[in-house]
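Model, not experiment: these values are computed from the prediction. Per chain, numbering begins at 1; letters A, B, ... match sequence-line order.
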Amino acid sequence: MKDNTIDTKDDKLLELKDVRTSFYTREGEVKAVDGVSFSIRRGEVVGLVGESGCGKSVTSLSIMRLVPQPAGEIISGEILFKNENLLEKSEEEMRQLRGDRISMILQDPMVSLNQLLTVGYQLGEPLKYHNKVTGSLKDMCIDILRKVRVPSPESRINNYPFEFSGGMCQRALIGMGIANAPDLLIADEPTTALDVSVQAQILKLMRDIQRESNASVILITHDLACVAQICSRVMVMYAGKIVEKAPIKTFYKNPAHPYSIGLIESVPVLGRRSKRLYSIEGHPPNLLDPPSGCRFAPRCAKAKKICFESYPPQIALEEGHDVSCWLYSGD
Amino acid sequence: MQGYILKRIIIAAFTIFLVVSVVFFIFRMGAADPVAIMLPPDATPKDARILTEKFGLDKPLIVQYWNFIKRAGHGNFGLSFRYTEPALKVLFARLPATIQLGLVAFFAAVVIGLFIGIISAVKPDSLIDRFGRGFALAGMSLPTFWVGIMLILFLGVTLRWLPIAGRGSPLHFIMPAFCLSLYPIALITRLARSSMLDALKSDYVLMARIKGVPEFNVILLHAFRNACISLVTVIFSIFGYLILGSVVVETIFSWPGIGRLVIESFFARDYPVVQIFVLFVTFVVVTLNLIVDIVYAYIDPRIRYR
Amino acid sequence: MWRIWLFKRNRPGKKNDISSGKKVRLKIPYLGFTCLALFFFAVIFADVISPYDPYEGDLINITLPPFWQDGGTTAHLLGTDMLGRDVLSRLIHGSRISFLISVGCISFYGSIGVILGLISGFFGGKTDMFIMRLTDFWMSLPGIIVLFMLASVYGPSAKTLILTFGIMGWPNYARIVRGECLSLRERDFVRLARVAGCGNLRIMLSHIFPNIMNTIIIVATIDVGGIIVLTATMSFLGLGTQPPSCDWGLMLAEGRQYITYAWWLVTFPGVAIVVAVLGFNLTGDWIREIFDPKQKLR
């Protein structure tokens, strides 16, 4: 048996190795995730950043093996969770992991909850189906609501989702996610559908819960501000591939990949005067037929000839900081 | 919730009253002079006058209307011209036969249709799905009355396996029941499949799977329950189809129900029977709509809380 | 173990039909197109391709079987009916009747439905509520009731049929149009038109209406199939077109008495109905798939 539980510093909870997921549509094969590799340690909060359509959500669905079928398909690669390859597990084994050891929070809380069932019932499902019920299921659900700071949980438990506000729905969703204290929590744009003031509250809630349970969190978002608040590490994704991985401070101080630089520049800063808002020129490539070189090359101001020809290898800049860019290959 | 139901009942009652009035005026307006129909050809004008007085047909329209409503309240809808018995009695005598066929068709539609439709949606492109879709297309494209005639041609005339008319043994029952059920089954299959497909693509189903809910519960509790909302209306619309369907099937197979009764009565100009048929059907339809509304209130909590 | 089959999800890495590239392209309904082509060919060229006059009977050659059976001739390919009229000619002309009645009905109640739907969806509020309640009520009434009542007053005929369908059919269109209207109303281009000073009528006609044309066409195409069946059914019962019309339903009613020895009289008109209906249904489904943007992925 492999001895991998001793050294907590190298303790990889989740590791993706060259994972590829595609969708087969009328127009052809859309390579949504095209060779993604990364690892997450226990207790880490990692941000997965990128614009809409870059493959962040598909990556998370691939981890949970809930890619919409029959159109979607995980083609190759390995997803190691606690050193076991998830892609080789049976459907029943996966089902037991979902909601128990790996959990996910979706984006739009109003749509993610079943409007015909009470919130209490939906909260109880992860507990019930993983045999975690000790004592009264109802009390356990009330406790969860209390933990996610929903006021008057005793009465709220019998409410239907349409009686909850957006922020409260999101809290309920978070509650469902943490009900069984999972090892890995994937939060897919948890704040995008909410008002700004509520966003801050939700982020704070997530940070507190994470500190308490020491779960690993993958925070998927396109909002760099969210990332700055609770993540310790950042991964940048573009057109189905990961282009940069860095610890949070390094990322904001010395972003390496031109796309990352562009992202940071795009965030308007209060007080800074400029004639127009900065935005990255062009748009992401069509994933039906991605270019063979670096995918960001057409939009990159510093692109060289080799950038259009072949895909840059992953280069380690310093401890924990990797980037896939030809700019850093020579030096 | 009580208020909602009460409001619905009041609307239903009002609707029935409205339709009864409309029916009265239309039949008085257009129907040929009922007295002329009833009398033998050699009757004298005096006979005509006696009958007219007897039926109160000489009084002003408003008085006739009022009498009509009064009598309707007591369940008296006039005498059938053909049978010289109360029209209501004539109708009810033939009702059980129709109900027999109708109920079978309804339950077959719901049970078979839902079953195939759901499985079709859960396993797209499987054999059941392809069979289901083909069957649904056939059922909705083939006209009921032609299917009936073809069945008679093959099973009755050519092969002589089944009797082609009347009611009596279970064998008499097979063809009419099958014929009547075809369209409803096809309809429900198609709609169950499409609503389930939509439900299965939704975020709340994804969420349920994320929580580790077993697939069986995901399909039944989450997907199906939400699909039900659009299905309930369709299921009750089958009753609407069954009215015309019964008329057609009963005519073709000489099945002694109210469908065949009304066609015969119409061509025999026995208007009281046609009238009572119209009233009866309207009453049933309005009541069914009321039931649908109540069922909805139970299934969909959003309606209750408005 | 049926559970395993029912709930099975594909293992990663194993290719299913979709990933091996097979079943993804949009299926073209060849059958539907063929049927539709046949139907319209008959409608347009009825006078030219029909071998005989559909209303003239040859009393010497009554109830001849189709040409491949004993006693049949190639002069009457599908046989003759009880009055000696050529079945094939009657079928061909019958398509015209079906088509004309359908078009007549749909134009009639389609217009009413679209207008009411536009008003309802555009103005909203009490008008909308009233019209919607009306459609609710109307849709639940079985059409045959209205047909009985109208037929009692005006006598059964093709005109009464069109009138009945016209009265019964508008709620569906009103509903659909209203739904589209409601969503379009909030779209930016409508708001811009308003800001530019367009009056209500102008917005309805030039902005909203063109956008709902798609949906209307889809619904109308599928509707034609339904009307053809209903016309045939009512005519069969005697409540629709009257003799000597060569409506398919009527042909079936007339032929029914001879079912024991003249099977062709009840088979071919039915086949004609099925061909016509399949044509419209399959084509309508295909059009709907093309225009529905949600159906990008299977």
Side-chain angles (χ1 to χ4, degrees), chain B residues 11 15 18-19 22-23 26-27 29-32 119 122-126 137-138 140-147 149-150 152-153 156-158 164 214-216 218-219 236-237 239-244 247-248 251-252 262-263 266-267 269 271 274-275 277-278 281-282 285-286 288-289 292, chain C residues 3 5-9 16-18 23 133 136-137 139-156 225-226 228-230 232-234 236-239 248-249 252-253 255-256 259-261 263 266-267 269-271 273-274 276-278 280-282 285 294 297-298:
Chain B
I11 294 183
T15 311
L18 195 67
V19 176
V22 167
V23 166
I26 290 212
F27 274 107
M29 228 173 75
I119 296 191
V122 170
K123 295 292 277 183
D125 283 330
S126 60
L137 181 67
M140 291 183 78
S141 309
L142 299 175
T144 311
F145 71 99
W146 187 62
V147 173
I149 296 181
M150 288 291 108
I152 290 184
L153 187 61
V157 174
T158 315
I164 64 173
E215 194 68 8
F216 185 73
V218 171
I219 295 178
F236 279 93
S237 78
F239 285 110
Y241 158 77
L242 285 181
I243 295 167
L244 176 58
V247 173
V248 167
T251 305
I252 294 183
V262 74
I263 284 282
F266 177 81
F267 286 110
R269 314 243 220 126
Y271 292 116
V274 180
Q275 180 179 273
F277 176 82
V278 169
V281 165
T282 313
V285 165
V286 169
L288 278 173
N289 278 344
V292 171
Chain C
R3 285 176 184 234
W5 170 78
L6 195 62
F7 305 136
K8 188 164 70 98
R9 293 169 67 84
N16 57 17
D17 280 329
I18 304 249
K23 303 162 170 255
R133 282 256 176 268
D136 270 341
F137 167 68
M139 278 175 94
S140 58
L141 286 180
I144 191 164
I145 301 294
V146 177
L147 183 58
F148 270 128
M149 296 208 282
L150 286 178
S152 315
V153 176
Y154 296 113
I228 293 182
V229 173
L230 273 179
T233 310
M234 296 308 184
F236 172 79
L237 292 174
L239 296 170
W248 295 329
L252 276 161
R256 198 169 142 234
I259 193 173
T260 41
Y261 60 87
W263 61 269
V266 295
T267 311
V271 171
I273 299 177
V274 172
V277 169
L278 269 182
F280 283 102
N281 277 359
L282 289 175
D285 278 345
K294 289 180 248 163
L297 287 173
R298 271 210 67 202

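Contacts of C:A151 with chain B are made by both backbone and side-chain atoms, with heavy-atom separations under 4.5 Å. For a residue to count as touching a neighbouring chain, one of its non-hydrogen atoms must lie under 4.5 Å from one of that chain's; by this rule C:L147 does not touch chain B. For C:V146, no part sits under 4.5 Å from any heavy atom of chain B, backbone or side chain. Only the side chain of B:F267 comes within less than 4.5 Å of a heavy atom of chain C; its backbone N, CA, C and O stay farther away.
Across B:I152, B:L153, B:I243, the residue that shares the most heavy-atom pairs under 4.5 angstrom with chain C is B:L153. Here B:V262 is the residue among B:V262, B:T144, B:T282 with the most heavy-atom pairs under 4.5 Å with chain C. The candidate with the highest count of non-hydrogen atom pairs below 4.5 Å against chain B, out of C:N281, C:L239, C:T267, C:I144, is C:T267. Interface summary for chain C: among B:A138, B:S237, B:S141, the most heavy-atom pairs under 4.5 angstrom belong to B:S141. Highest contact tally toward chain C, considering only B:F236, B:Y241, B:F277, is held by B:F277 [criterion: heavy-atom pairs under 4.5 Å]. For the set C:A232, C:P156, C:G155, C:G225, the entry with the most heavy-atom pairs within less than 4.5 Å of chain B is C:A232.
Side-chain atoms of B:I149 and C:F236, non-hydrogen and from C-beta on, do get closer than 4.5 Å to each other. A heavy-atom distance below 4.5 Å is not found between the side chains of C:L230 and B:P143. Within the 4.5 Å cutoff, the side chain of C:L237 has no heavy atoms near those of the B:F145 side chain. Looking at B:V274 and C:M149, their side chains never come closer than 4.5 Å, going by heavy atoms from C-beta outward. Two residues are said to be in side-chain contact when any heavy atoms from C-beta on lie closer than 4.5 Å; C:V277 and B:L142 fail this criterion. B:L137 places a side-chain heavy atom less than 4.5 Å from the side chain of C:L282.
Shown are C:V229, C:I273, C:L252, C:T233; of these, the side-chain contact (heavy atoms from CB on, under 4.5 Å) with B:W146 is made only by C:L252.
For the pair B:T251 and C:R256, the tightest heavy-atom approach, listed with the atom from each and the gap, is O-NH2, 3.1 Å.
In this structure, C:F148 and B:F266 have tilted ring planes: the angle between them lies in the 30° to 60° band.
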